[in-house]
Amino acid sequence: MKGVIYARYSSDHQREESIEGQIRECSAFAEKNGIILLHTYIDRAYSATNDNRPAFQEMIKDSHKKMFDVILVWKLDRFARHRYDSAHYKNLLKKNGVRVVSATEPISDGPDGIVIEALFEGMAEYYSAELAQKINRGMTENALKCKYNGGTLAVGYKINKETRLYEVDPLTAPIVTEAFNAYLDGKTMKQIADDFNNKGYRNTIGRKFSIDAISRMLQNRHYIGEYKFKDIVTPGGVPALIPIELFEAVQQRIAKTKKAPSSHKAVDDYLLTTKLYCGHCEAFMVGESGTSKTDRIYRYYKCVTAKKRKGCHKKAVRKEWIEDIVIAQIKKFLMDDEAIDKMIKMAQEYLKQENTTLPLLKQELREVEKSINNMLDAIQNGIFTSSTKQRLEELEARKEDLEISIAQEQMFKPMLNPKEIKFFFNKLRKLDTTKLEHRRSLIDNFVNAVFLHDDRIDFVFNYQKGTKTVTFKELEEASEGSSDLIVSARPKNPQESSCGFLLSYYYPLNSKNIGNF
């Protein structure tokens with residue numbers, strides 16, 4: 001992993017020496033966990049109660065370049081003390097593939113904060129879904145009439161400005177026919193793209209043709225007259241540019257020459273990176289792969305201290321094995337209606353405690369409205385002077401300012417109602433855990449840390465304080481009967497955690513889930 005350090009001190013009882021101490025501890029953490037440090041961002045005499053910090057903003061901007069994976073801080077309050085700022089910037093960093101890690105706090109994020117951060121994302125999705133429903137109704141009506149619904153227009157067509165219906169573009173339609181005939185004659189998609197670009201052909205947005213663009217063109221059923229919008233399919237809904245026989249012949253050649261999916265494999269994703277810790281030395285366990293004599297690839301998590309042979313003897317564990325256990329426990333929690341209801345109440349209480357400005361604004365607004373009503377009563381009773389008029393105008397102006405401030409506060413620091421929070425959890429329940437992005441979403445939102453010992457796994461999840469012991473039978477059920485673990489002992493004294501929800505799984509590690517390098 002590549003990382004940067006963010007160090008900060010405020011003007012309250014801190015000095016330049018504190019920066020040196022922060023950098024020293026972050027550097028030691030980086031060395032221990034095999035993180036290559038690229039840069040250090042320092043804010044001197046800046047408070048973390050707001051985001052108006054030059055080095056901080058520079059670091060956020062640099063994260064867009066995707067040159068580093070981790071931001072190391074001495075403690076999480078160096079990054080931000082305000083929950084909304086923390087949630088906003090961590091979400092932005094997450095989109096850039098960057099995670100904030102504390103060098104002195106083994107569990108790197110407060111559990112409540114992570115779940116609230118996820119709820120904010122869910123709320124945005126909720127409003128997006130509501131808006132999408134409204135938009136979808138209009139688009140469905142358009143689709144039933146085979147009208148253009150927006151998006152990139154396929155080469156060979158233009159849209160009638162009055163009727164919004166598809167029409168043949170006489171200038172670009174021949175390009176489509178040329179592409180189909182050329183491919184059927186034996187040319188590759190790359191050759192066709194190169195020929196088109198050499199001839200000066202451009203797509204509907206003025207760009208050169210790529211291999212992907214040619215591939216999409218050759219498989220676009222619009223060209224045989226088929227209009228499609230989601231589940232609405234209308235044969236003959238658009239003018240056909242290609243005979244059905246030519247189209248089907250091209251599809252047959254594409255099927256024959258299609259490359260095996262294995263040739264397009266993506267880089268392995270180790271979903272527990274920066275979350276999985278060695279139970280012996282508390283260093284990170286990072287992804288590693290190896291190839292057997294039969295050329296089969298095995299993927300593991302391995303302690304970085306053991307990897308560097310610096311005294312830790314922790315064995316590597318199979319990637320799929322540990323990730324499947326974590327996913328199974330998250331799924332079990334999501335299906336627990338009682339636990340979800342408790343989570344909803346906890347989230348609402350958490351948000352009420354956080355936003356102290358909004359209640360004060362609303363209280364002042366009530367007082368101003370009361371004063372306005374008193375003034376109006378006085379006017380009705382015949383008391384009206386120049387002073388009365390001036391005071392009423394001042395109150396009306398203050399009322400308008402307060403209403404604007406309240407609207408802004410609710411926009412940037414929203415309160416979530418139970419319906420919105422429930423929507424978030426229902427969306428998570430429907431995630432397909434066979435899909436990489438869905439697995440990543442569940443782990444990012446719910447897993448705080450995983451400590452892997454020789455005889456147990458300690459989980460700290462981002463929900464519900466306290467401890468719980470899960471027996472092997474419960475673990476096996478959570479793993480849908482696919483676990484190859486054998487319980488060896490029931491925990492006598494489960495570890496206490498200051499935050500999160502600690503689960504201890506006891507098992508002997510065997511050759512099926514351990515590897516040596």
TODO: Please indicate whether Asn198 has more than 12 foreign heavy atoms, meaning atoms of other residues, nucleotides or ligands, lying under 6.0 Å from its CG.
DONE: yes
Open item on the list: Please check this pair: side chain of Tyr298 against backbone of Lys319, looking for a donor-acceptor N/O pair closer than 3.5 Å.
Closed with: no
- [ ] Would you check if Phe229 and Thr140 make a side-chain contact, meaning some heavy-atom pair closer than 4.5 Å?
- [x] yes
Task: Sub-6.0 Å ring centroid separation between Phe79 and Phe56 - done: yes
- [ ] Say whether, by atom type as modelled, one donor and one acceptor occur between the side chain of Asn149 and the main chain of Met139 under 3.5 angstrom.
- [x] yes
- [ ] Grab the two heavy atoms, one from Met189 and one from Tyr183, that are nearest each other, plus how far apart they are.
- [x] CG-CE1, 3.9 Å
Task: Ile42 side chain reached by Arg8 side chain, heavy atoms, under 4.5 Å - done: no
Task: Heavy-atom neighbours of Glu400 CD exceed 12 at 6.0 Å - done: no
- [ ] Ignoring hydrogens and angles, state whether a donor on the side chain of Thr274 or Arg99 is under 3.5 Å from an acceptor on the partner side chain.
- [x] yes
- [ ] Using side chain to side chain contact (heavy atoms under 4.5 Å, CB included) as the criterion, list what pairs up with Asn426, not counting sequence neighbours.
- [x] Lys422, Arg429
- [ ] Say whether, by atom type as modelled, one donor and one acceptor occur between the side chain of Lys302 and the main chain of Glu288 under 3.5 angstrom.
- [x] no
- [ ] Using side-chain contact (heavy atoms from CB on, under 4.5 Å) as the criterion, point out the one residue from Leu276, Val326, Leu452 that pairs with Ile457.
- [x] Leu452
- [ ] Could you give me the CA-CA distance, side-chain angles and deciding distance for Ser215 and Gln219, then say whether side-chain contact (heavy atoms from CB on, under 4.5 Å) is met?
- [x] CA-CA 6 Å; Ser215 176; Gln219 297 176 79; 3.0 Å; yes
Task: Backbone N/O of Phe247 and side chain of Tyr223: donor-acceptor pair under 3.5 Å - done: no
TODO: Answer with yes or no whether the side chains of Asp432 and Thr434 bring together a donor and an acceptor at under 3.5 Å.
DONE: yes
TODO: Grab the two heavy atoms, one from Val73 and one from Tyr6, that are nearest each other, plus how far apart they are.
DONE: CG1-O, 3.7 Å
Open item on the list: Is a donor from one side chain sitting under 3.5 angstrom from an acceptor on the other, for Arg53 and Tyr41?
Closed with: no
Task: Sub-4.5 Å side-chain heavy-atom contact between Glu178 and Lys199 - done: yes
Task: Non-neighbouring partners of Glu338 that pass side chain to side chain contact (heavy atoms under 4.5 Å, CB included), sequence neighbours left out - done: Asp336, Lys342
- [ ] Determine, step by step, whether Phe196 and Ile214 satisfy the side-chain contact (heavy atoms from CB on, under 4.5 Å) criterion, reporting the C-alpha distance in whole Å, the side-chain angles of both residues, the deciding distance to 0.1 Å, and the verdict.
- [x] CA-CA 10 Å; Phe196 282 9; Ile214 298 298; 4.0 Å; yes
Can you give me every donor-acceptor pair (side chain of residues 64-72, partner residue at least two apart or in another chain, under 3.5 Å) with its distance?
residue: Lys65; atom: NZ; partner: Asp62; partner atom: OD1; Å: 3.4
residue: Asp69; atom: OD2; partner: Lys2; partner atom: N; Å: 2.9

Task: Backbone N/O of Val98 and side chain of Asn96: donor-acceptor pair under 3.5 Å - done: no
Task: Test item: Leu165 and Val238 side chains (from C-beta on) under 4.5 Å apart, heavy atoms - done: no
Open item on the list: So Leu37 and Val4, do their side chains get closer than 4.5 Å, heavy atoms only?
Closed with: no
Task: Nearest atoms (heavy-atom pairs only) where Glu167 meets Pro239 - done: CA-CG, 4.3 Å
Open item on the list: Quick one: does any side-chain atom of Asn203 pair with a main-chain N or O of Arg207 as donor and acceptor, under 3.5 Å?
Closed with: yes
Open item on the list: I'd like to know whether the aromatic ring centres of Phe209 and Tyr201 sit less than 6.0 Å apart in this structure.
Closed with: no
- [ ] Mind listing the closest non-hydrogen atom pair of Val233 and Lys228 along with its distance?
- [x] CG2-CG, 3.8 Å
- [ ] Check the pair Asp324 / Arg439 against salt bridge (charged side-chain N to carboxylate O under 4.0 Å, His left out), numbers first and verdict last.
- [x] CA-CA 9 Å; Asp324 284 347; Arg439 291 169 70 87; 2.8 Å; yes
- [ ] Examine distances only and state if a side-chain atom of Thr204 and a backbone atom of Leu153 form a donor-acceptor pair shorter than 3.5 Å.
- [x] yes
TODO: Would you verify whether the NZ or CZ of Lys158 falls within 45 degrees of the ring axis of Tyr166 while also being under 6.0 Å from that six-membered ring's centre?
DONE: no
TODO: Check Tyr277 against Ala449 and note the closest heavy-atom contact, atom names and distance.
DONE: CE1-CB, 3.9 Å
- [ ] Check whether any side-chain heavy atom of Asp195 lies under 4.5 Å from a side-chain heavy atom of Asn197, and answer yes or no.
- [x] no
Task: Whether Gln251 side chain and Leu218 backbone form a donor-acceptor pair below 3.5 Å - done: yes
- [ ] Over 60° means perpendicular and under 30° means parallel, so classify the ring planes of Phe425 and Phe446, tilted if in between.
- [x] tilted
TODO: Report yes if the side chains of Phe180 and Leu184 come closer than 4.5 Å at any heavy-atom pair, otherwise no.
DONE: no
Open item on the list: Quick check: closest heavy atoms across Ile330 and Leu442, and the distance to 0.1 Å?
Closed with: CD1-O, 3.6 Å
TODO: Might you work through the side-chain contact (heavy atoms from CB on, under 4.5 Å) test for Lys275 and Asp444, ending with a clear yes or no?
DONE: CA-CA 9 Å; Lys275 291 178 182 284; Asp444 285 349; 4.0 Å; yes
Open item on the list: A cation-pi test, strictly: NZ or CZ of Arg318 under 6.0 Å from the centre of the six-membered ring of Tyr300 and no more than 45 degrees from its axis. Yes or no?
Closed with: no
- [ ] Check for a donor-acceptor pair, side chain of Thr172 on one end and backbone N or O of Gly156 on the other, with a separation under 3.5 Å.
- [x] yes
Task: Test item: side-chain donor near acceptor, Glu437 and Ser441, under 3.5 Å - done: no
Task: Donor + acceptor pair across side chains of Tyr270, Glu323 (<3.5 Å) - done: no
Open item on the list: Can a donor-acceptor pair be found, under 3.5 Å and without considering hydrogens, that links the side chain of Arg253 to the backbone of Gly186?
Closed with: yes
- [ ] Please lay out, stage by stage, how Tyr301 and Val286 fare under the test side-chain contact (heavy atoms from CB on, under 4.5 Å).
- [x] CA-CA 5 Å; Tyr301 284 100; Val286 296; 5.8 Å; no
Task: Sub-4.5 Å side-chain heavy-atom contact between Ile211 and Ile192 - done: no
